[in-house]
Every structure is written in C-alpha cells, then in structure tokens.
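Note sheet for the following structure.
Proteins come first, then strands; the chains are lettered A, B, ... in the order of their sequence lines, and each starts at number 1.
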Amino acid sequence: MTTLTMAAAINLGLRKAMERDSKVLVMGEDVGVLGGVFRVTDGLYKDFGPSRVMDTPLAESGIVGTAIGMAMRGYRPVCEIQFDGFIYPAFDQITTQLAKMHYRSHGQITLPVTIRVPFAGGIGAVEHHSESPEAYFAHTAGLRVVSPATPDDGYSMIQQAIACPDPVLFFEPKARYWDKAEVDLDAPFDEAAATSGMAHARVVRRGNDITIVAYGPTVRLALEASQVIEDEGSSPEVVDLRSISPLDHLTVTRSVKKTGRCVIVHEAPTAFGVGAELAARITEEAFFHLEAPVLRVGGFYVPYPGSKHEHDYLPNLDRLLDAVDRVLAH
Amino acid sequence: MNGPGPLSEDGLVRLLGHKGDSFTNPVFSPLAQDLGYDALRTMWREMVVIRAYDNEATALQRQGELGLWVPLIGQEAAQVGSAHALSERDWVFPSYREHAVAVHRGIDPVDILKIWRGLEHSSWTPSEHRFHLYTLVIGSHTLHATGFAMALDMDGLVGSGRPDHDAAVLCYFGDGATSEGDMNEALVFAAVNNAPVVFLCQNNQYAISEPATRQARVALARRGDGFGIPGVRVDGNDVLAMYAVTKQALQRARSGGGPTFIEALTYRMGAHTTSDDPSRYRTRAEEDYWRERDPIDRLGIFLKRAGELPREFQDEVQAEGKALAIRVREETRSLLRGPSLEMFDHVYAEPHAIVDGERAWYERYKKSFVETGVSHR
C-alpha cells in the first residue's frame, strides 16, 4: 500500500492505462505541457509525447466531438473538461452524439470515451468552477456516470472507466484532490471486470440505525458525521455510491431494509438531483421497512453563490446532522 | 473587400456549363483528364438512377409509406462527381441528404428508407462502406469527421508517400451548417492539427426557408480563410468540376497537405423535406432558372453532342431507374417494425442495471396482456 493524494492516484491510474493500451489518448486544455491545471496529467506529456497527450484548442464541444471521431477509429480518448462549469458547451456532443451512437448504430459503433471532469466545490473558487452537473448526464441513457471518493478508487476507477467500452463521465471531486490515503498499487487490474467493477456501491462504514448515502466529495462528510452520530449513541451505516449511472440501488436498499432510515447527501442541488432518484427507488423497494421519510441534503436551488457563501450553501456537518436527527427522531 | 456573396455565381470553378459547353481551367482540367467517356456515362447513369429513386421515395412518403423523405434532387452532380474522386480507403461523413454518395459506396437504397420509415435510426454498417451514419443534428458530424481524420494521421495513413496506402475523410454538410459552432470548431481543430479532412459544403442555397445570405456575408468558401484552410468555389451542378476539385482536395489531404474547404454551389430543386413547402419562400421563376442549370441535363447534352450517349444505353438506364423504383416500392411497403423489446437493445455495450431492469419489467408487462387477454390499446 502506498499513500497518495487523489490527484496523484488518478495520475498513476492514467499512466497505467496508457502503458497497458497504446490506443489510450489524453486530450484537453492544458493537459499536456502544463500537466493539467490540477496536475492530474502531470508527467504524461513528457513520457508519452504530444501524439498521445494533446493540448487541444479551447473548445469543449470540439474536444468531445473530435474524441468521438478518434474513438470511431479505434482509439480510447480520455478527455478532460477543465472545470465542471465548462462542460455545457460540450453538452450536445455528450448527450446527443456520444450517448446515442451505440444505440443508433445497433451496436456497430462503440465509443470508449472517458470524460474526466474536476467537479463540485468547497475550494473558494470563482463562478462556474464549483458545479455538480452529474444529474444532467445520469438522466441520459447511454452514458455511465461515476465519481470516486477516495484515492484508491480514483486509481482503480479511472482505469476501469478507460477500459469500459461505453462512454464514461468521470467526476473527480476537486476538493478531495489533495486528500491522502492508502492506494493498493499492486492490485491486479481485471479488464474483463472493468465495467462491473465501477458499477457497484460500497458500504464504507457498517451500522444498524441509519443509512447515509453519499458520493464524491460528500463521502468524507458522511464519515465525519458518522463519528458524531456514534458519539451521540447511534450506529450509522455509510454507503459510497461510486456509480450514479448505473445506480446500485440494491446495495442501498439492502442497507435501508436493515436500518429503516436514510439520508442522502450530495453537493448538487437537492431539487431534481441524484438523491431524488434514489429516494424514489427506496420508497418503491423498501417502503414497508422505512421508519421515517427519506431525507436529502444538498445544495440550494440557487446558482452556486460567491465563495464567501459557499460553506452555507454546501451541505455541511451541521446540515447533515440536522437531517440525521430528524430521521432518527421518528 | 468582401467579394462575391453566398449566392453569387461569380468565380466558380467550372468545366461543364449548363448548355453542355466545355470550359478549360488550367488547374482543374488536367485533374479531370482521367475521366473517359465510360466514366462519364457511369456518372450520368448514377445521377439518372438516383433521381428516379429520389422521386419514388417522395411518392412513397406522399402515400404514407415513409414518415419523411429528404430529397436530393438537383444535387446529383455535387454528390456523384465528388464521390467518384474517393479512393476505396477514404471515409465519408455525410449529413443526411447524401443518398447518391451512400449508394455509390454500396449501400442499398432500400436500407436508407428504413430510417425514414421510422424503423430504426441507422441501417448500414459504417465500416463496411466507409460511410458513417447519417447525422441529423446540423454540423455535429464535422467534429467527428475531423477527429477521425486526426486518427487516420495517428495511424500512419497520411503523407506516407504511398498513394495506395494513404487515406482521407470527405465530410459533407450544407450552407446552414457553416453557421453552427461545432462546424467552426471543426475548422479550428482541422487547421491546427493539419487534419486530412475535406470539408465539402453543398451550398444548395437554402436551410429550410432561409437563403444562404442569412448564414454569411461573403462566399462560404471564404470560411476557411480565417482558419488558414484553402477554399475553393465550384459549380456544384458540374459533375466534372466536382470530380476535379474534390480529387485535388483529397490528394492534398492524403499526402499530408491538410484540410480544404470546398463550396459547391448547387440548388435544392425540391423541398427541405417532404414536410416543407418551398412555395412559401421562393419563386417559380427562381426554380425555373435553376432547372435550366440541371446537373443531369448538361452532362446528357455534352455526351450526346459527342455521340457518346447511345440510344440503347439511355434506354437501359431509364429501365434501370424504373426497376429500382419498383423494387424500392415493393420492398419498402413490406418493411415492418420488429418486436417492441428491441427498443431496449444496444443502449450500452455492456450490461447496465437500469436498462436491464426496465427491459425485464416491460417483458413481464407485455406478457401480462397475453395471459389475461385484455388490452386497452
């Protein structure tokens, strides 16, 4: 086991994928010479050269669109959208072209394109640099949407995403880029199980009284809250969703059937978010096991505010614990 | 400073005029020299037959056999002439009106109709014909074409010095597409990466009801100027010039000379689609003017004058057109949709729990009707 930051772990995962398959390309703004604004592609240009690590023009739709063309020719492009808030110019290429090509071609065209997106907030950034757009893409059949919460998952899931034949939106919680944790660099990479490997949720803390579901940046928050909940005498179970599409509602439902209570926490606005989908499924599948309504803690239904308001806007320990208290009170 | 506008007939490369008269162009005449009379008769035949097909498809739509038809009538030379410049290693990225190129590349005309009959979104295997699927979102595919061309370069198929080895991409789109952001981003990527892609704009002068003057202030061939991509305006109804200009551009691309922007000025003789009514926005006089510039007529006149269009050949081709129309009519009418469960196929390459769950649910749901025998639909 090696201690690495999330950024370094993803960097290593990218490197492994590029070494394993010469068709893997990295492309995006500033990913080459600079090594990426978060240095996640650091060192790759030096070792793999400009033919495999491409500094693209400043054009998100162009990045995804040309990646589609390269994928049609048998390459595995790993695109970077520099910041979450800049994914929208590429929205049409992602949802109309990338997502639908396999379907409309009766499976003749496979587009193994991975789109890496530093996402979510909590870093004091300016406008458009703290968005959580995952729901727009999860709502589009044909795309896979995942988000690693730990360096170890960053390392393995980026390799799985690249090996997966389907298009994958890979949302990297930028507030976690500098978090350090142990990464198993020696774990063998099972290519055949790549897609299934990144499709399941993981129970990261076992408990009996309440299920807290989180993904990406809020998993750490859920674990922090769990410490407080335990100190206060209850036993929380934390589920790291890892994958949004497909949604491992079976793991969540199994947990909720055990605990009878659920709070879902994500940075994206609560309204129309991933939590809504999960809550609906839990209601359908575990209704008679519920002791309390399923609550969701998320951003407010306002555009992401100026960074001075950020810590009130984002789900924080108090808001999560407040929801947990309300659920436990039933 | 601005030069000819987007509808101007000035400065077009032309080798064959609408009266069947020949023109000499120092750059492009030599490129068409390899076209003997056999090749010209083949081109004439392809144009005549595709028009017969196009007319039949329009009729089928009127009869309710197709939900929609997208006619190419008037653009036969732009498509057939350019298609003949393709090598078998080149790839084509069409928009959704290039049926003549599709057929030239071996796609069955009946298969094309499956799309418009609402059975499926695509009906051929791109790799079998080196002809990508139709893309209905205007201009989106220009990026795919550019990325694909960049990949050909990465594969070592560009500028190798071996003409029998190298390949390029020919990307078709219309005047309307030149306004789309994606199109302009494609030009950026193609230019800075020196991609082996030929951008062929069929300026048929209308994007549904809007004339090309709503898309540009200057000739569309000038689009490339700002990006550093050479542009050429050609008479899109002149099959010889189309061949020559496209051939030059493809050779440039294959040899590592980068992209070209070709503007083929032609005319959309029919409607945008069968849902459109051109009488609402253009005049009979204008249509008559362009009917006189018909691409098939001028080649016919030229060949007849040279004594190279024998009666028997003409009859043979007309018969071929009729036979195709009959086959298309019969086969299209017999095309039925598959079982409804097939709508769940191919969403993903690997299993996905949401799709699989819904498919299983739907299957049980459908079966429940059979078991009880009660249906409200």
Side-chain angles (χ1 to χ4, degrees), chain A residues 23 25 27 51-52 54-75 77 89-90 92-93 96-97 99-112 138 141-144 164-167 194-196 199-200 243 245-250 277, chain B residues 91 93 115 120-128 132-137 139-155 157 169 171 180-182 184-193 195 197 342-358:
Chain A
K23 295 294 203 182
L25 310 170
M27 53 195 287
S51 61
R52 291 190 66 193
M54 302 176 199
D55 279 328
T56 60
L58 210 169
E60 285 74 16
S61 193
I63 292 168
V64 177
T66 53
I68 289 171
M70 293 176 198
M72 281 183 63
R73 185 70 199 164
Y75 285 88
D92 185 59
Q93 284 291 337
T96 306
Q97 304 300 329
K100 296 172 172 48
M101 198 72 79
H102 194 261
Y103 184 75
R104 69 191 303 263
S105 70
H106 308 286
Q108 320 258 27
I109 300 174
T110 303
L111 298 178
L143 299 173
R144 292 183 189 264
C164 174
D166 292 315
T195 304
S196 56
H200 61 86
S243 176
S245 174
L247 194 61
D248 185 2
H249 55 98
L250 291 178
E277 173 68 27
Chain B
W91 270 79
F93 279 71
I115 300 168
E120 46 200 351
H121 294 319
S122 74
S123 51
W124 59 83
T125 303
S127 56
E128 269 174 27
H132 184 43
L133 308 179
Y134 279 170
T135 300
L136 270 57
V137 181
S140 289
H141 65 297
T142 58
L143 282 171
H144 311 157
T146 301
F148 194 92
M150 289 166 65
L152 287 176
D153 199 0
M154 292 188 258
D155 285 347
L157 297 175
V169 175
C171 181
E180 283 281 1
D182 276 4
N184 287 276
E185 291 190 27
L187 295 174
V188 169
F189 276 73
V192 301
N193 291 294
V197 52
E342 77 181 14
M343 70 179 163
F344 292 95
D345 294 343
H346 306 299
V347 184
Y348 294 91
E350 303 229 318
H352 188 290
I354 298 176
V355 180
D356 295 342
E358 290 190 358

Side chain, backbone, both or neither of [X] within contact of chain A (heavy atoms, under 4.5 Å):
X: B/Val192; value: side chain
X: B/His132; value: side chain
X: B/Met150; value: side chain

Which atoms form the tightest heavy-atom contact between A/Thr195 and A/Cys164, and what is the distance?
OG1-SG, 3.3 Å
Under 4.5 Å heavy-atom distance to chain B, tell me which part of [X] shows up: side chain, backbone, both or neither.
X: A/Ala59; result: both
X: A/Asp248; result: neither
X: A/Ala67; result: neither
X: A/Arg144; result: both
X: A/Glu60; result: backbone

Going by the rule side chain to side chain contact (heavy atoms under 4.5 Å, CB included), which residues pair with B/Asp155 if we only count those two or more places apart in sequence or in a different chain?
A/Lys23, A/Arg73, A/Tyr75, B/Leu157
Interface residue of largest heavy-atom contact number with chain B, from [options], under 4.5 Å:
options: A/Met101, A/His249, A/His106; result: A/His106
options: A/Ser51, A/Gly107, A/Pro165, A/Pro57; result: A/Pro57
options: A/Leu111, A/Ile63, A/Leu143; result: A/Leu143

Return the set of residues passing ring pair (Phe, Tyr, Trp, His ring centres under 6.0 Å) with B/Tyr134 (not counting sequence neighbours), or none when no residue passes.
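B/Tyr134 satisfies ring pair (Phe, Tyr, Trp, His ring centres under 6.0 Å) with B/His99, B/Trp124 once adjacent residues are dropped.
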Look at [options] and state which one has the largest set of heavy-atom pairs under 4.5 Å with chain A.
options: B/His144, B/Glu342, B/His141; result: B/His144
options: B/Asp182, B/Val188, B/Asn184; result: B/Asp182
options: B/Ala353, B/Pro126, B/Ser127, B/Ser140; result: B/Ser140

